[in-house]
Number of protein chains: 2
Amino acid sequence: MNTSLAITNRSLHDQVANRVRDLIIEGVLEPGSRIDEAGLIEELGVSRTPFREALRTLAAEGLVIVRPSKGSVVRKLTPEDVFAMLEVLGHLEQLAGELACARATDREIAELADLHDRMLDHYRTRDRMPYYKLNQEFHSRLTELSKNETLQDMQRNLQARLKRIRYIGNQRPEYWAGAVEDHEAMVVALKARDGKRLGQAMAQHIANTWDRVKDSI
Amino acid sequence: MNTSLAITNRSLHDQVANRVRDLIIEGVLEPGSRIDEAGLIEELGVSRTPFREALRTLAAEGLVIVRPSKGSVVRKLTPEDVFAMLEVLGHLEQLAGELACARATDREIAELADLHDRMLDHYRTRDRMPYYKLNQEFHSRLTELSKNETLQDMQRNLQARLKRIRYIGNQRPEYWAGAVEDHEAMVVALKARDGKRLGQAMAQHIANTWDRVKDSI
DNA sequence: TAGGTGCATTTTGTATACACGTAGCAAAAA
DNA sequence: TTTTTGCTACGTGTATACAAAATGCACCTA
């Protein structure tokens with residue numbers, strides 16, 4: 001097992017991929033804009049080879065599009081794209097919910113409930129950023145409880161691609177309240193280990209997400 | 001519009017990625033074995049740069065694993081991996097089935113039924129290879145009918161990663177018969193546009209697939 | 001003989017140079 | 001004035017060279 005004190009020593013292209021991924025998610029690199037290879041390698045202080053390898057990774061993840069001989073652009077999501085992705089994400093999280101109820105330990109469920117409580121604290125004080133961060137973690141952790149590696153990979157991928165949009169989506173207070181309610185229902189179902197209900201709740205939560213974000217794309 | 005007679009002019013790394021992907025799927029490169037960079041670039045007649053970019057793509061697809069400074073290996077699937085992937089694939093195809101019933105045109109449904117009939121012909125004459133190829137196409141086409149791009153991407157990805165195993169799985173005649181029955185049920189449900197039933201049938205089909213392949217991993 | 005250390009070889013990782021394709025602009029012709 | 005054609009500059013694609021890390025082997029020591 002590869003734990004704690006191992007020196008990560010990640011390869012350059014991995015680091016570059018992570019860095020550029022963040023730049024895209026944070027919106028520093030705007031959707032639809034060309035990726036200035038020369039400019040970025042200058043700024044990151046790396047050469048073209050690892051940078052281009054990183055680009056290929058991001059392309060496979062669906063964050064950028066490489067057009068042969070025409071350079072790369074940050075993928076711009078159409079409303080249709082977002083809808084399609086949410087449709088799939090909703091279904092995946094439904095599965096995750098069902099599996100979690102069947103496979104999670106009591107301890108794991110308690111930990112997630114804890115996390116939810118901390119989210120509520122942030123909600124009460126209206127601290128959007130910490131709430132948002134915990135929210136990402138909530139969904140990730142719940143998916144982990146499915147104990148299905150592939151499911152986690154795909155959930156992570158979709159979550160990353162939708163990150164920006166979901167952040168924008170929860171701007172309006174009434175939307176935020178709705179999201180919190182959804183989560184409440186999810187935690188109740190999980191505690192009761194009611195797989196069907198949790199699955200429904202998660203699918204519904206994602207469906208609601210569409211309503212919350214559709215106007216801000 | 002970029003139609004028919006455009007010269008594809010795909011970049012080298014794309015071609016390499018496709019080629020190596022096939023080599024892995026066909027089993028020429030055995031699961032768990034190291035990928036001999038020097039040897040392969042020799043054989044493919046390309047240099048290291050495009051080859052390594054291709055590797056990064058395949059890594060993102062989950063077909064190979066790159067260990068920093070230690071080279072790449074063809075990912076070997078454990079039974080747990082396969083089970084997890086089928087669990088997800090089943091759920092995705094369930095969604096695909098439901099959406100297809102809602103969104104496909106009559107013509108598209110008829111075409112798929114046609115494809116199914118051709119599969120039956122191959123089944124009757126026990127032509128495994130052409131049956132197998134049509135089978136892949138059947139699932140791809142049905143997923144297309146969902147009109148959900150993301151869903152198609154993910155289905156394609158999982159299908160590619162499982163390709164070998166599913167081919168091995170249908171060796172035994174009684175298994176093959178079972179798979180044909182599953183398909184029969186799917187086509188009936190699709191024709192009736194009974195989304196729930198088609199979804200169930202597809203999920204069941206994938207679940208059955210696990211029984212068919214689990215002993216040959 | 002077993003275990004460890006250091007060196008040599010092989011393999012991987014990164015940088016850079018060169019070649020090719022694309023796009024934009026200017027000049028000429030209609 | 002508009003369209004077409006050729007040239008140029010820029011950016012991308014590929015190859016290769018160099019650097020760093022890892023593996024394997026021989027030799028030394030306990």
Side-chain angles (χ1 to χ4, degrees), chain A residues 1-2 5-21 23-24 28-76, chain B residues 1-3 5-21 23-24 28-61 63-76:
Chain A
M1 197 59 187
N2 185 11
L5 39 134
I7 297 169
T8 39
N9 187 25
R10 276 192 313 209
S11 57
L12 241 195
H13 46 248
D14 258 345
Q15 295 178 45
V16 172
N18 288 327
R19 189 86 191 79
V20 176
R21 189 184 295 111
L23 290 178
I24 293 174
V28 179
L29 298 176
E30 281 178 30
S33 71
R34 257 177 70 113
I35 291 177
D36 178 12
E37 205 176 288
L40 273 175
I41 65 175
E42 174 81 11
E43 230 168 309
L44 296 175
V46 298
S47 77
R48 291 184 61 207
T49 311
F51 182 83
R52 303 195 88 244
E53 286 180 12
L55 268 193
R56 297 292 298 173
T57 299
L58 297 177
E61 287 175 10
L63 285 168
V64 310
I65 295 175
V66 292
R67 302 161 304 174
S69 306
K70 291 184 184 177
S72 312
V73 294
V74 180
R75 178 159 175 191
K76 187 170 191 168
Chain B
M1 195 58 188
N2 185 13
T3 46
L5 37 136
I7 296 171
T8 38
N9 185 26
R10 277 195 310 212
S11 58
L12 241 195
H13 45 248
D14 258 345
Q15 296 178 45
V16 172
N18 288 327
R19 189 85 191 80
V20 176
R21 190 186 295 110
L23 289 178
I24 292 173
V28 179
L29 298 176
E30 283 180 26
S33 71
R34 259 176 69 110
I35 292 177
D36 178 12
E37 203 176 289
L40 272 175
I41 66 175
E42 174 80 10
E43 229 167 312
L44 296 175
V46 299
S47 77
R48 292 183 62 206
T49 310
F51 182 83
R52 304 195 87 244
E53 286 180 12
L55 269 192
R56 298 290 299 171
T57 299
L58 297 177
E61 287 175 9
L63 284 169
V64 310
I65 295 174
V66 292
R67 303 161 305 174
S69 305
K70 289 186 183 178
S72 312
V73 294
V74 179
R75 177 158 175 194
K76 186 169 191 169

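As a basis for the values below, the full set of heavy atoms in this structure was taken, side chains included, without hydrogen atoms, waters or symmetry mates. Below, read A as the first sequence line, B as the second, and so on, with proteins coming before strands; counting in each chain starts at 1.
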Quiz prompt | Distance in angstrom units between B:E42 CD and D:dT16 P, rounded | solution = 11 Å

Quiz item: So, is A:S47 close to the C:dA15 phosphate, meaning a side-chain N or O under 4.0 Å from OP1 or OP2?
Solution: yes

Quiz item: Could you give the CG-to-P distance, from B:L55 to C:dT14, as a whole number of Å?
Solution: 14 Å

Quiz item: Do any side-chain nitrogens or oxygens of B:S69 fall under 4.0 Å of OP1 or OP2 in D:dA21?
Solution: no

Quiz item: CG/B:L63 to OG/B:S72 distance, rounded to the nearest 0.5 angstrom?
Solution: 12.5 Å

Quiz item: When the distance from CG of A:L40 to P of D:dG11 is rounded to whole Å, what number comes out?
Solution: 13 Å

Quiz item: Nearest-Å distance, NE2 (A:H13) to P (C:dA15)?
Solution: 12 Å

Quiz item: What distance do B:N18 atom CG and B:L23 atom CG have between them, rounded to the nearest 0.5 Å?
Solution: 11.0 Å

Exercise. List in chain and number order the residues that pass side chain to side chain donor-acceptor pair (under 3.5 Å) with A:R75, two or more places apart in sequence or in another chain; answer none if no residue qualifies.
Key: none

Quiz item: Ignoring hydrogens and angles, are the base of D:dT16 and the side chain of B:T49 linked by a donor-acceptor pair under 3.5 Å?
Solution: yes

Exercise. Return no unless some side-chain N or O of A:R34 is found under 4.0 Å from OP1 or OP2 of D:dT12.
Key: yes

Practice problem: Give the rounded distance in Å between these two atoms: CD of B:E53 and P of D:dT12. | Solution: 13 Å

At a cut-off of 3.5 Å, list every protein nitrogen or oxygen paired with a nitrogen or oxygen from nucleotides 23-25 of chain C, distance to 0.1 Å.
none

Exercise. In whole angstrom, give the distance that lies between atom CG of A:D14 and atom P of C:dT14.
Key: 9 Å

Result block: side-chain N/O donor-acceptor pairs under 3.5 angstrom for residues 39-50 of chain B, not counting sequence neighbours:
| unit_1 | atom_1 | unit_2 | atom_2 | d |
| --- | --- | --- | --- | --- |
| B:R48 | NE | B:E37 | OE2 | 2.7 |
| B:R48 | NH2 | B:E37 | OE2 | 3.0 |

Quiz item: Below 4.0 angstrom, N of the basic side chain to O of the carboxylate: do B:D14 and A:R56 qualify?
Solution: yes

Exercise. Using atom CD1 of A:I65 as one end and atom C1' of D:dT12 as the other, report the distance to the nearest whole Å.
Key: 17 Å

Exercise. Starting at CD of A:E61, measure out to OG1 of B:T57 and round the result to the nearest 0.5 Å.
Key: 10.5 Å

Exercise. Counting heavy atoms from C-beta on, name the nucleotide in C:dT14, C:dA15, D:dT14 closest to the side chain of A:R48.
Key: D:dT14

Quiz prompt | Over all atoms of both residues, closest heavy-atom pair of B:R34 and B:K70 | solution = NH1-O, 3.7 Å

Quiz prompt | Atom-pair distance (CZ on A:F51; C1' on D:dG11), nearest Å | solution = 13 Å

